[in-house]
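The first residue in the sequence is number 1, and the count goes up from there.
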Amino acid sequence: MAFSFRGWAQPLSALGVAQPSSSTETKIPGSQHFSPLSSRSPCKKQISGGNFSNLKAYIVTKAPLLSSGAGARTRLRTLKVAAQTQSGYSGGGEAQEDFAWPSVILPFLFPALGGLLFGYDIGATSGATISLQSPDLSGTTWFNLSSVQLGLVVSGSLYGALLGSLLVYGIADFLGRRRELISAAMLYILGALMTGFAPDLGVLIIGRLLYGLGIGLAMHGAPLYIAETSPSQIRGTLISLKELFIVLGILLGYLVGSAEINAVGGWRYMYGFSAPIAALMGLGMWSLPSSPRWLLLRAVQGKGSLQEYKMKAIQAITKLRGRPAGDQISERQVEDTLTSLKSAYSNELSESSVWEVFQGPSLKAFVIGGGLVLFQQITGQPSVLYYAASILQSAGFAAAADAARVSVIIGVFKLLMTGIAVLKVDDLGRRPLLIGGVSGIALSLFLLSAYYKFLGGFPVVAVAALLLYVGCYQISFGPISWLMVSEIFPLRTRGRGISLAVLTNFGSNAIVTFAFYPLKELLGTENLFLLFAGIALVSLLFVIFFVPETKGLSLEEIETKVLK
């Protein structure tokens, strides 16, 4: 039985490999004598880079001889492990990058806190608006807010996020992922403190806008940093886990809102509670290194000494993986990424232009990523959740009388379903989860339309449709859209591309929120859900025909294989 390792086999004479003998003890040129089953096997030690090609050729040429006799599979597997141990990294996924789980926790956790704080704002605002408008509980003399004033309080962070998305478009590559997240944490802290201690409505709204600026930066920088520092085989899991943190933040906001809803000035505690979490995020990001890929991008763009940026990238990847200083695997990873970058951009300008994101592979990436985050919003996600309480009330659920408790129930369910997506995204892949989830979203919207049209006597249909919608959204559009956005853009335009995707997401969210009531009055509830169902079918076709599978591919492979 012959084995092929992607063309590794070469003539033995060219490599200086001795003809194999029948001896049980074999020698690989440039390495020690070893018995394939002994503890002295090269898989137990790191072979010098100069002899690795000899080892690869040895595996291929020796394979027929090893394939006979007892323990043959074990001996061949030992040699394959030796090759993978020496490489430590492969863009193609056949020999995946070695890593220890403890080393990837902090580089994920601190950026993910930016998502948690975004979700917390959503959950806390639902209780804060009730507290703020109460004559007895607001603790202010300006509690009697008009609809416009209340709208500014509720949507202030959304418009701040829109502004943040616009600002970061031009400065993302200059700031870098790490400094962007530190800036987001500072804006979170400032916004939370201004909001919590606001003496009047004007300061409150300014605080909401500043907090929203933090959201815009965090939702741009967090998926970038996680994607660019994660091992490729768990990248999908970690970025999807960030979505779990958003849902966890929503649930935390609901819980804090429920706990403080009867306190005088409780809205101040609800908003101010996010400040210490933001401080933890900022301190954590300060302790982490910059993204190695961003450092190498700046080197290729001619923003400093190539050797200096290369050494910084080696130090960064070494620290991120918890490896010892001078580790050869880290050096090889940096060399591979740098070679890929130089090859991709050797005939192009040193730095991408403002409009390059609308050209070539970047445009294809924007169609995919921007389309996903657009459909994420215009399939009616905010509207369906708006009806959650009334649907559960119609089914006779006692908890539906208490809006805060209903919100907690929905939040827990969202958390559980997002957990399923996290566990399966690197196993099943992106496309199966998207296709299955979006199909379920379309079905649930048709069921909700039917309920409000002619199935009003069967509330179990509405409850089932609601849970089906929430569950399918959380295993598809919820986490997968942001995962695809974070990995689909070429490194050259990744910063600007993701900022446009974030802008598309928050912009479409604002439009849907603004248009909901006019559309409801114009079409009626049943036809509004029917419209959302039609949009969901269009989004399903979009996923089937336009969205590629990126499971197991390195970011460089996505750029060279998927977008070209």
Side-chain angles (χ1 to χ4, degrees), residues 117-164 187-216 249-250 252-275 278 382-383 385-390 393 400-408 410-411 506-507 509-521:
L117 288 166
F118 169 46
Y120 178 82
D121 183 70
I122 296 172
T125 298
S126 64
T129 52
I130 297 173
S131 173
L132 185 61
Q133 296 179 95
S134 171
D136 299 322
L137 299 176
S138 69
T140 69
T141 57
W142 39 273
F143 60 85
N144 190 20
L145 303 180
S146 67
S147 58
V148 173
Q149 291 172 328
L150 182 61
L152 287 173
V153 173
V154 172
S155 61
S157 61
L158 175 60
Y159 293 114
L162 277 169
L163 180 58
L187 286 166
Y188 274 142
I189 294 171
L190 184 59
L193 293 178
M194 285 188 68
T195 306
F197 291 99
D200 54 50
L201 182 63
V203 175
L204 175 61
I205 293 174
I206 293 174
R208 299 287 293 144
L209 287 171
L210 288 174
Y211 195 94
L213 282 173
I215 292 174
I250 295 174
L252 180 62
Y254 288 151
L255 291 172
V256 173
S258 298
E260 298 293 337
I261 195 67
N262 293 320
V264 176
W267 59 274
R268 297 185 184 275
Y269 300 104
M270 296 176 201
Y271 281 134
F273 184 79
S274 57
S383 306
L385 294 182
Y386 173 81
Y387 274 90
S390 63
Q393 280 179 333
D402 184 345
R405 292 172 62 192
V406 171
S407 299
V408 171
I410 297 296
F506 285 122
N509 188 339
I511 292 172
V512 170
T513 302
F514 176 80
F516 174 74
Y517 287 108
L519 285 174
K520 179 175 175 289
E521 292 179 5

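Residues Leu117 and Tyr211 meet the side-chain proximity criterion, which asks for heavy atoms closer than 4.5 Å. When side chains are defined from C-beta on, Ser131 counts as touching Met270, because their heavy atoms get closer than 4.5 Å. Side-chain atoms of Arg268 and Thr140, non-hydrogen and from C-beta on, do get closer than 4.5 Å to each other.
Applying the salt bridge (Lys or Arg N to Asp or Glu O under 4.0 Å) test to residues at least two apart or on different chains, none of the pairs has a partner in residues 135-163.
One finds the CD1 atom of Ile122 at 4.5 Å from the CD1 atom of Ile250 (value rounded to the nearest 0.5 Å). For the atom pair CG (Leu204) and CZ (Phe197), the distance works out to 13.5 Å, reported to the nearest 0.5 Å. To the nearest 0.5 Å, atom CG of residue Leu201 and atom CG of residue Leu132 are 8.0 Å apart. Ile130 CD1 to Leu137 CG: the interatomic distance, rounded to the nearest 0.5 Å, is 10.5 Å.
Using a 30° and 60° split on the angle between ring planes, Phe118 and Phe506 fall in the perpendicular class, above 60°.
With hydrogens and angles disregarded, a donor-acceptor distance shorter than 3.5 Å links the side chain of Gln149 to the backbone of Ser146. Listed for the Trp267 side chain is a donor-acceptor partner under 3.5 Å among the backbone atoms of Ser138.
Taking each heavy atom of Tyr188 and Ile215 in turn, the nearest pair found is OH-CA, 3.4 Å. The heavy-atom pair separating Ala278 from Ile189 by the smallest distance is CB-CG1, 3.5 Å. Smallest separation of non-hydrogen atoms from Asp200 and Gly202: OD1-N, 3.1 Å. Across Gly507 and Leu162, no two heavy atoms sit closer than the pair N-CD2, 3.3 Å. Considering every non-hydrogen atom in both Tyr271 and Thr195, the closest pair reads CD1-CG2, 3.2 Å.
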Distance-only criterion, 3.5 Å: show the donor-acceptor pairs between side-chain atoms of residues 150-160 and protein atoms not counting sequence neighbours.
from, atom 1, to, atom 2, distance (Å)
Ser155, OG, Gly151, O, 2.5
Ser157, OG, Asp121, OD2, 2.8
Ser157, OG, Arg208, NH2, 3.2

List the steps, then state whether side-chain contact (heavy atoms from CB on, under 4.5 Å) holds for Leu252 with Val256.
CA-CA 6 Å; Leu252 180 62; Val256 173; 4.2 Å; yes
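Other residues, nucleotides and ligands contribute over 12 non-hydrogen atoms within 6.0 Å of the CZ atom of Phe143.
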